[in-house]
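Beneath this line is the structure, given in structure tokens, with notes to follow.
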There are 2 protein chains.
Amino acid sequence: MADASEKPDTPDRISEAEHAVMEVLWREAPQSAQDVCAQVCEAKGWSLPTVKTLLARLVTKQALTTERDGKRFLYSPAMARADYVGTESRRLVDRLFGGRAAPLFAHLAQAEALSDKDIAEIEALLKELKS
Amino acid sequence: MADASEKPDTPDRISEAEHAVMEVLWREAPQSAQDVCAQVCEAKGWSLPTVKTLLARLVTKQALTTERDGKRFLYSPAMARADYVGTESRRLVDRLFGGRAAPLFAHLAQAEALSDKDIAEIEALLKELKS
DNA sequence: CTCCATCGTTTACACATGTAAACGACTACG
DNA sequence: CGTAGTCGTTTACATGTGTAAACGATGGAG
């Protein structure tokens, strides 16, 4: 290999707790720390300081942008949810199914994780893909 | 020994590095630490001690069983790969797609992660599911 | 203008993980 | 029999993560 001195940006993985915060902001943005807390603290059993830490880490990881609003900040996602979802899905498919989607699908089907509705939707998608 | 208020077993997550070791043993078991190293150390840039640590941790997590073979141990998976794959897939689907498989599929399709072959295979699976 | 509520930031700490050296036991070759 | 190589185990240490208190700045109420 040639040069591994400096990659422009190591993607900097988003952890699971951080992801929960991102979800809130993907649902609606911008929002303040308190807004976010109002939406996850109860469900997760977190306190406001915890959310603040997560927000700060996400800003460091450049997953969020901030905008001043008086004394406080408003946070917005700096990446599309679809991108995140894409990377994560790919990672799983690579790690567990040799990068091929069909085996994943087979597994989900076998595990009865597919409802009739799912099957119908997928059939529709396939039809679209072939056209 | 009454363990009334004890969770049956906290599943004890298998980390990514540990997973690589599991894969080797799922492919063939039982194997010694050296055997395992021979199959992953080069690819991962690990040294034998690293593999030993991972094996030990996996034994602690009850993901592997051991069997003596003279001076050394032979390791075998204590859980089926399908189970691991199932849990991990479910986790992802829950976390990113609200527990429904169709959106995952849609995403993979959209991201062009599906080859024609994949599509054909999935169609076949669907046909089977409906019968 | 002063004081308090509220921000974001700094610091903290325990546990998981990645990575590996050090150590003590045991076996097999000489 | 001794000793060298090989085991598994113990210890180590940096970084990431979950969770949060402490702290210092600051803007708004009186």
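Proteins get letters first, then strands, A, B, ... in listed order; numbering begins at 1 in each. Small disclaimer: the values here were computed from a predicted structure and weren't measured.
- Atom C1' of nucleotide dT15(D) and atom CD of Glu16(B) are separated by 15 Å, given to the nearest angstrom.
- For the pair Arg72(A) and Asp69(A), the salt-bridge criterion is met [side-chain N within less than 4.0 Å of a carboxylate O].
- OP1 or OP2 of dT6(D) has not a single side-chain nitrogen or oxygen of Gln34(B) nearer than 4.0 Å.
- Side-chain proximity of Phe73(B) to the nucleotides dT17(C), dT19(D), dT9(D) is greatest for dT9(D).
- Contacts of Tyr84(A) classified as side chain to side chain contact (heavy atoms under 4.5 Å, CB included), with partners at least two apart in sequence or in another chain: Ile14(A), His19(A), Trp26(A), Met79(A), Glu88(A), Arg95(B), Leu96(B).
- Atom pair Arg57(B):CZ and dT11(D):P shows a separation of 14 Å (rounding to whole Å applied).
- Nearest-nucleotide positions on DNA chain C for Thr53(B) and Lys71(A) put Lys71(A) closer to the 5' end.
- For Phe105(A), the ring pair (Phe, Tyr, Trp, His ring centres under 6.0 Å) test picks out Phe105(B), with sequence neighbours left out.
- For Thr50(B), taking side-chain heavy atoms from C-beta onward, the closest of the listed nucleotides dA20(C), dT17(D), dG8(C) is dA20(C).
- Gln39(B) places a side-chain N or O within donor-acceptor distance of the main-chain N or O of Asp35(B), the cut-off being under 3.5 Å.
- Atom CG in Asp69(A) sits roughly 16 Å away from atom P in dT26(D) (whole-Å rounding).
- Salt bridge annotation for Glu23(A)-Arg81(A): present, with a cationic side-chain nitrogen under 4.0 angstrom from a carboxylate oxygen.
- Not one side-chain nitrogen or oxygen of Lys52(A) sits closer than 4.0 Å to the OP1 or OP2 atom of dG18(D).
- Using a 4.0 Å heavy-atom cutoff across all strands shown, Lys44(A) reaches no nucleic acid atom at all.
- To the nearest angstrom, P of dC7(D) lies 11 Å from CG of Leu74(B).
- Spacing between atom CD of Glu18(B) and atom C1' of dA16(C) amounts to 9 Å, rounded to whole angstrom units.
- No engagement by Ala56(A) is indicated, since no non-hydrogen atom pair under 4.0 Å with the nucleic acid exists.
- If Leu48(A) and Pro49(B) are placed on DNA chain C by their nearest nucleotide, the residue sitting closer to the 5' end is Leu48(A).
- A close approach under 4.0 Å does not occur between any side-chain nitrogen or oxygen of Ser32(A) and OP1 or OP2 of dC7(C).
- With rounding to whole Å, Arg72(A) atom CZ is found 18 Å from dT9(C) atom C1'.
- Among the nucleotides dA20(C), dT26(D), dG18(C), the one closest to any side-chain atom of Ser47(B) is dA20(C).
- If you measure from atom OH of Tyr75(A) to atom P of dC7(C), you get 10 Å, rounded to the nearest angstrom.
- Taking atom CH2 on Trp46(A) and atom C1' on dG18(D), their separation rounds to 9 Å, with Å as the unit.
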